[in-house]
Amino acid sequence: MEPLYRPEGVEQRWQDTWEAEGLYAADADDDRPTYVDAHPPPNVTGAAHMGTAMGLTLADALVRWKRMQGYNCLFQPGYDHAGISTQYQVERALEAEGRSRQEVGREAFVELVWDWLRRYGQTIMGQFRRLGASMDYSRERMTMDEGYTRAVMRHFVHLWERGWLYRDNRIANWCPYHRSSLSDLELDHVETDDELVSVRYPFADGDGHVTIATVRPATILADVAVAVHPDDERYRELVGREVLVPFVERSVPVIADERVEPEFGTGALKVTPGHDPTDFEIGRAHGLPEPMVIGPDGLMSEEAGELAGLTQEEAGARVLAWCEERGLLESREPYRHTIARCARCHSRIEPLISLQWWCRMDELRQPALAALREGRVRYHPESQHRFAIDSLEHAPDWNISRQIWWGHQLPVWYCPDEHITVAESEPEACVECGSKALRREQDVLDTWFSSALWPFATLGWPDDTPDLRRFYPGDFNITARDIIRLWENRMIFAGLELMGELPFRDVIIYSIVLDPKGRRMSRTLGTGIDPLELIDEHGADATRYGVLKMSSAQDVRFSVGAIEEGRRLANKLWNVARLILMNTEGVEPAARPRDLEERWILARIESARVEVEANLGSFQFARVANALYHLIFDDFCDWYAEAIKPRLYAKDEAAQATALAALERLLKLLHPAMPHVTEEIWTQLPARQSRLIVAPWPAPEAGEPGDLQRVQDAAAIYRRSGVRIRLDDVEQRIFDAVVREQRDAADLEGEVARLQSEIARAERMLGDERFVQNAPEDVVEGEREKLARYRRELDALAG
RNA sequence: GGGCGCGUAGCUCAGCGGGAGAGCGCCCGCUUCACACGCGGGAGGUCGCUGGUUCGAUCCCAGCCGCGCCCACCA
């Protein structure tokens, strides 16, 4: 064994070995209790980033822990076809060759995407393996593989039969680049410098005008009304009158609607149902027409008359010029506001009316809401639980159709009379009129419509499979905060609706990893950090440890220091293992504690076991990392190992056997966090029955009462004394003796003074009736214990 | 605009009602036979600000100030 631990070859070897030996595999015939994570499937064309690495590490630590506890673990790997995102990447690649998707045609384009996936996809599972994620890679799935597609079709048909799907002309976010509608969740909102213009709308029947403000003068052409707030004194008498829309000189009514914000602009709103979501609602409420003057390409459409074909900027300029000539342009001022852009291609979003498929949320959300409110499924941390309930409660109907080509085509057919037939596979005839001239809906489903099925579609649903019976429901799901509404809540209601059972009990929301300057890590900003580079440089164990350590708060700054700490920890563990292994040849591990420090370290490891279990169980991973670090550095190495060294050199068999037993337990506790280095050391221990990855997790063990306390007292004094251990002396001492020995060399005066002042302080507090009566019992008890300890220490020093 | 969170040692962060902590960095001393990715010692802090509750507040409450993330149709 080299003195410097080098993870490079070691980690790769163990990853290969564990997988080859089937230790990651989940078996439906294995009837031990199950532990299941249907892990978030990354975008098939993506690369792992820090968030991916964090979610994966936390999940893997839990899975490894439970595997050692004897659970039949399923850690499910796979990919999401990620409709819009993937299509966008392939389109970009096409454009680089000077071609467009339209030229290629739909069928060929979809084939191209598949080719692309075969070539560039499938890289993330390599990254997952490299981090040591103990997934059952033989079960890899993709949300568009054959079986999964059947599940998606069944999902759609099921919702249709329940009467929760409908097709309607509604205003939707439209991306002119993708030529598709987008859900609200697929947008970015970007601050933009714009211009707010005020334009006069003259009364149709006389003098005077109403002034409105707009940032999009081109949409004036599609105005159908001017709206004011019903309580707005300034305009009350105008309601019911008619005004002339500039440029088109169409007469439209002034109406009253509560959606108008009297404080904004002039308090009068031009109503353009075709191009604005609020206006659309107002228009529907008042039965107004819904003309559109902007087309799917973002340019002015035929309905814009002489302005057809112009960009919105050009058209807007023409409209304003027209107004200016007639004295209708009141003002133009710079205006900064946020506008919606496509999260993928950053095109400016056009709200347009289009024919879309929708999923009604009213009934679907109810069982999920009840489950959340009753705590049958819990988000961690608690604050996210409240957010999840709130966003599910207010979720509007779900636009599930997308006008793109890559994805699950809706299982919907239309006859020439536009009757709708919904079926899992191609029907023979229209269900209403029997017509055989059916054409299939061209739209595809929102990616999340399929992702929502992940916890059970990966197990074979809609078929009744042994896997499904064994591994559903799962135990937890772990994800980033911004996915709660997109995915987590939808898995919850889909699981309840289709399986009749919640897909998991716990949802863990991990930290958002910011760059060292506190900005969001982003590939486009170049502020991302590639986990693979970290693994190459520091090792997977070190990276895992660092990620655990960083995972405490809601937003965390990336700090390479945490990963370096992990590397030092791995090295430290490696070296203390060398010390023990080099000096215990031919000895079997067995806890045979004789001296106090031996009883103490076993008790200390036991207390660490309790701490690790409690914190893994409550998903407080940073505390796990912290507990392990101090256990190893402060207690096991600096103290225990130093103390027993002479006995190891002297081939004291009881000490040797105990050291091996202690090391064994230590490795087990550390394995979920740092699996590779621990397994590597494990194989070098004598008489191994199994791999560490499947070795039994330590059972609770009773120690000698008081051991931990007594040695900690001695250690505290010893450390403060400033005297280093002299190895030849250590062998003979038991700790009470050590303390006596040290006191001559120690700064006794200072130590005694300090203890006396502490004792005085504790006595003062305990003598204060207000404290004893008012403070919580455990606090008072804590003070009593401190007082007792200080007195013991003082006695020990006094000899 | 709404929600959530954060301001503690130069940096990254723990602690969350009774002694101000860790790791890194810095200073001093150690080629001690597991480890210099180490060992021992040390310097460094009005615990963002202002009030309140309490015998006592870094910790609880309120209000400010600063920062971040998520969300959002004020034209």
Side-chain angles (χ1 to χ4, degrees), chain A residues 1-5 171 173 184-185 187 189 196 212-216 219 227 259-266 268-272 276-281 335 337-340 349 351 381 383-384 386-387 390-391 480-482 484-485 511-512 514 516 518-520 538 542 549-550 552-562 564-583 622-623 626 629-630 633-634 637-638 641-642 645 648-649 719 722-727 754 757-758 761-762 765 768-771 773-776 779-780 782-783 786 790:
Chain A
M1 285 173 88
E2 292 294 317
L4 180 61
Y5 172 62
I171 196 149
N173 307 297
D184 291 344
L185 304 171
L187 310 181
H189 292 84
L196 187 68
I212 59 87
T214 181
V215 289
R216 303 181 65 198
T219 63
R259 278 163 277 230
V260 178
E261 179 56 63
E263 304 302 318
F264 187 86
T266 60
L269 169 73
K270 69 189 221 30
V271 181
T272 320
D276 184 277
T278 308
D279 295 12
F280 178 81
E281 286 180 28
Y335 183 60
H337 64 146
T338 57
I339 62 163
I349 292 302
S383 57
Q384 301 308 320
R386 294 193 297 274
F387 171 73
D390 197 54
S391 48
R481 197 150 33 107
D482 49 342
I484 290 175
R485 305 188 312 164
S511 313
I512 287 178
L514 308 173
R519 295 168 305 183
R520 183 181 173 77
H538 305 283
K549 187 85 190 251
M550 277 185 262
S552 54
Q554 179 173 282
D555 316 305
V556 295
R557 287 188 196 202
F558 176 81
S559 103
V560 76
E564 286 165 351
E565 189 174 307
R567 198 184 52 193
R568 287 198 312 277
L569 183 60
N571 190 58
K572 191 71 175 171
L573 184 71
W574 176 257
N575 275 297
V576 79
R578 282 181 74 217
L579 168 73
I580 292 170
L581 289 166
M582 288 190 309
N583 291 290
R623 293 183 184 203
N626 210 41
Y629 185 90
H630 287 107
F633 264 90
D634 298 352
C637 294
D638 292 357
E642 292 297 340
K645 243 181 206 175
L648 293 181
Y649 295 154
R719 283 191 181 131
V723 174
R724 297 180 50 226
I725 297 175
R726 286 170 54 213
L727 296 180
R754 196 194 70 86
S757 91
E758 294 293 0
R761 187 190 61 83
M765 277 173 60
D768 186 340
E769 273 182 38
R770 291 171 307 184
F771 168 68
Q773 285 169 6
N774 297 329
V779 171
V780 177
E783 281 304 314
K786 282 182 201 167
Y790 296 143

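Throughout, protein chains are lettered first and strands after them, A, B, ... in sequence-line order, and every chain is numbered starting at 1. Every heavy atom of this structure was used, including side-chain atoms; hydrogens, water molecules and symmetry mates were not.
Defined by atom type and a distance below 3.5 Å, a donor-acceptor pair is missing between the side-chain atoms of A/Asn571 and A/Arg568.
The listed nucleotides are B/rC35, B/rU12, B/rA34; the one nearest the side chain of A/Ser559 is B/rU12. Among the nucleotides B/rA34, B/rG23, B/rG40, the one closest to the side chain of A/Asp638 is B/rG40. Of the candidates B/rA72, B/rA34, B/rA75, B/rA34 carries the atom nearest the A/Asn575 side chain, counting heavy atoms from C-beta on.
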Would you sort out whether A/Asp279 and A/Leu269 count as a side-chain contact (heavy atoms from CB on, under 4.5 Å), showing the intermediate values? CA-CA 9 Å; A/Asp279 295 12; A/Leu269 169 73; 3.8 Å; yes

Evaluate the criterion salt bridge (charged side-chain N to carboxylate O under 4.0 Å, His left out) for residue pair A/Arg481 and A/Asp555; output intermediate values, then yes/no. CA-CA 10 Å; A/Arg481 197 150 33 107; A/Asp555 316 305; 2.9 Å; yes

Could you go through A/Asn575 and A/Tyr5, starting from their C-alpha distance and side-chain angles, then the distance that decides it, and tell me whether this counts as side-chain contact (heavy atoms from CB on, under 4.5 Å)? CA-CA 8 Å; A/Asn575 275 297; A/Tyr5 172 62; 5.9 Å; no

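When the P atom is used for both B/rA34 and B/rA20, the distance is 39 Å, rounded to whole Å. B/rC6 and B/rG40: their C1' atoms are spaced 36 Å apart (whole Å). Using atom P as the reference point in both B/rC73 and B/rG2, the two lie 15 Å apart (nearest Å). Atom name P, nucleotides B/rU12 and B/rU50: the rounded distance is 24 Å, in whole Å. Atom P of B/rG7 sits at a distance of 13 Å from the matching atom of B/rC49, rounded to the whole Å. B/rC11 and B/rG45: their C1' atoms are spaced 14 Å apart (whole Å). Comparing the same atom, C1', in B/rA9 and in B/rG21 gives a spacing of 10 Å after rounding to whole Å. Atom name P, nucleotides B/rG10 and B/rC61: the rounded distance is 27 Å, in whole Å.
Of the nucleotides present, none pairs with B/rC74 by Watson-Crick or G-U wobble criteria with both distances under 3.5 Å. Across all strands shown, the partner of B/rG10 is B/rC24, judged by Watson-Crick or G-U wobble contacts whose two distances both fall under 3.5 Å. B/rC67 is paired with B/rG5 under the criterion used here, namely a Watson-Crick or G-U wobble arrangement in which both key atom distances are under 3.5 Å. In a base pair of the Watson-Crick type (N1 to N3 plus N6-O4 or O6-N4) or a G-U wobble (N1-O2 and O6-N3), with each distance short of 3.5 Å, B/rC47 is matched with no nucleotide. B/rC30 is paired with B/rG38 under the Watson-Crick or G-U wobble criterion, all donor-acceptor distances under 3.5 Å. Nucleotide B/rC16 forms a pair with no other nucleotide shown, judged by Watson-Crick or G-U wobble geometry with both contacts under 3.5 Å.
Nearer the 5' end of RNA chain B, as judged by each residue's closest nucleotide, is the contact made by A/Phe558, out of A/Tyr629 and A/Phe558.
Residues A/Asp276 and A/Lys270 are not paired through a salt bridge, judged by the lack of any N-O separation under 4.0 Å between the basic side chain and the carboxylate.
Cation-pi geometry between A/Lys549 and A/Tyr629 is met: the NZ or CZ atom falls under 6.0 Å from the ring centre, inside 45° of the normal.
Distance CE (A/Met550) to P (B/rC11): 18 Å, rounded to an integer number of Å. Across the protein-nucleic acid pair, A/Leu569 atom CG and B/rC37 atom C1' stand 11 Å apart, rounded to whole Å. Atom CG of A/Asp482 is separated from atom P of B/rA72 by 11 Å (rounded to the nearest Å). Rounded to a whole Å, the CD atom of A/Glu564 is 15 Å from the C1' atom of B/rC13. The separation between A/Leu4 atom CG and B/rC37 atom C1' is 7 Å, rounded to whole Å. One interatomic measurement links the two molecules: CD of A/Gln554 to P of B/rC6, which rounds to 8 Å at whole-angstrom precision. Counting to the nearest Å, the C1' atom of B/rC69 and the CG atom of A/Asp555 are 4 Å from each other. Residue A/Glu281 contributes atom CD, which lies 15 Å from atom P of B/rA75 at whole-angstrom precision.
Within the nucleic acid shown, A/Phe280 has no heavy atom closer than 4.0 Å to any nucleic acid atom. At the heavy-atom level, A/Leu514 lies under 4.0 Å from the strands shown only through sugar-phosphate atoms.
Panel note: side chain A/Asn583, backbone A/Leu579; a donor-acceptor pair is recorded below 3.5 Å.
Of the side-chain N and O atoms in A/Arg386, none sit less than 4.0 angstrom from OP1 or OP2 of B/rG3. A/Arg481 has no side-chain polar atom (N or O) that falls below the 4.0 Å cut-off from OP1 or OP2 of B/rC71. Within the structure, every side-chain polar atom (N or O) of A/Tyr649 is placed at least 4.0 Å from both OP1 and OP2 of B/rU32. Distances shorter than 4.0 Å separate some side-chain N or O of A/Ser552 from OP1 or OP2 on B/rA14. Distances shown here put every side-chain N or O of A/Arg216 at or beyond 4.0 Å from the OP1 or OP2 atom of B/rC73. Taking 4.0 angstrom as the limit, A/Lys572 places a side-chain polar atom (N or O) nearer than this to OP1 or OP2 of B/rC39. At B/rG15, one or more side-chain N or O atoms of A/Arg623 fall inside 4.0 Å of OP1 or OP2 (strictly under the cut-off). At the phosphate of B/rU12, OP1 or OP2 sits under 4.0 Å from a side-chain N or O atom of A/Arg557.
In terms of polar N and O atoms assigned as donor or acceptor, the side chain of A/Glu642 comes within less than 3.5 Å of the base of B/rA34 in a complementary pairing. For B/rC73, its base sits under 3.5 Å from the side chain of A/Thr278 at one donor and acceptor pair at least.
Using a 4.5 Å heavy-atom threshold, the side chains of A/Gln384 and A/Gln554 count as touching.
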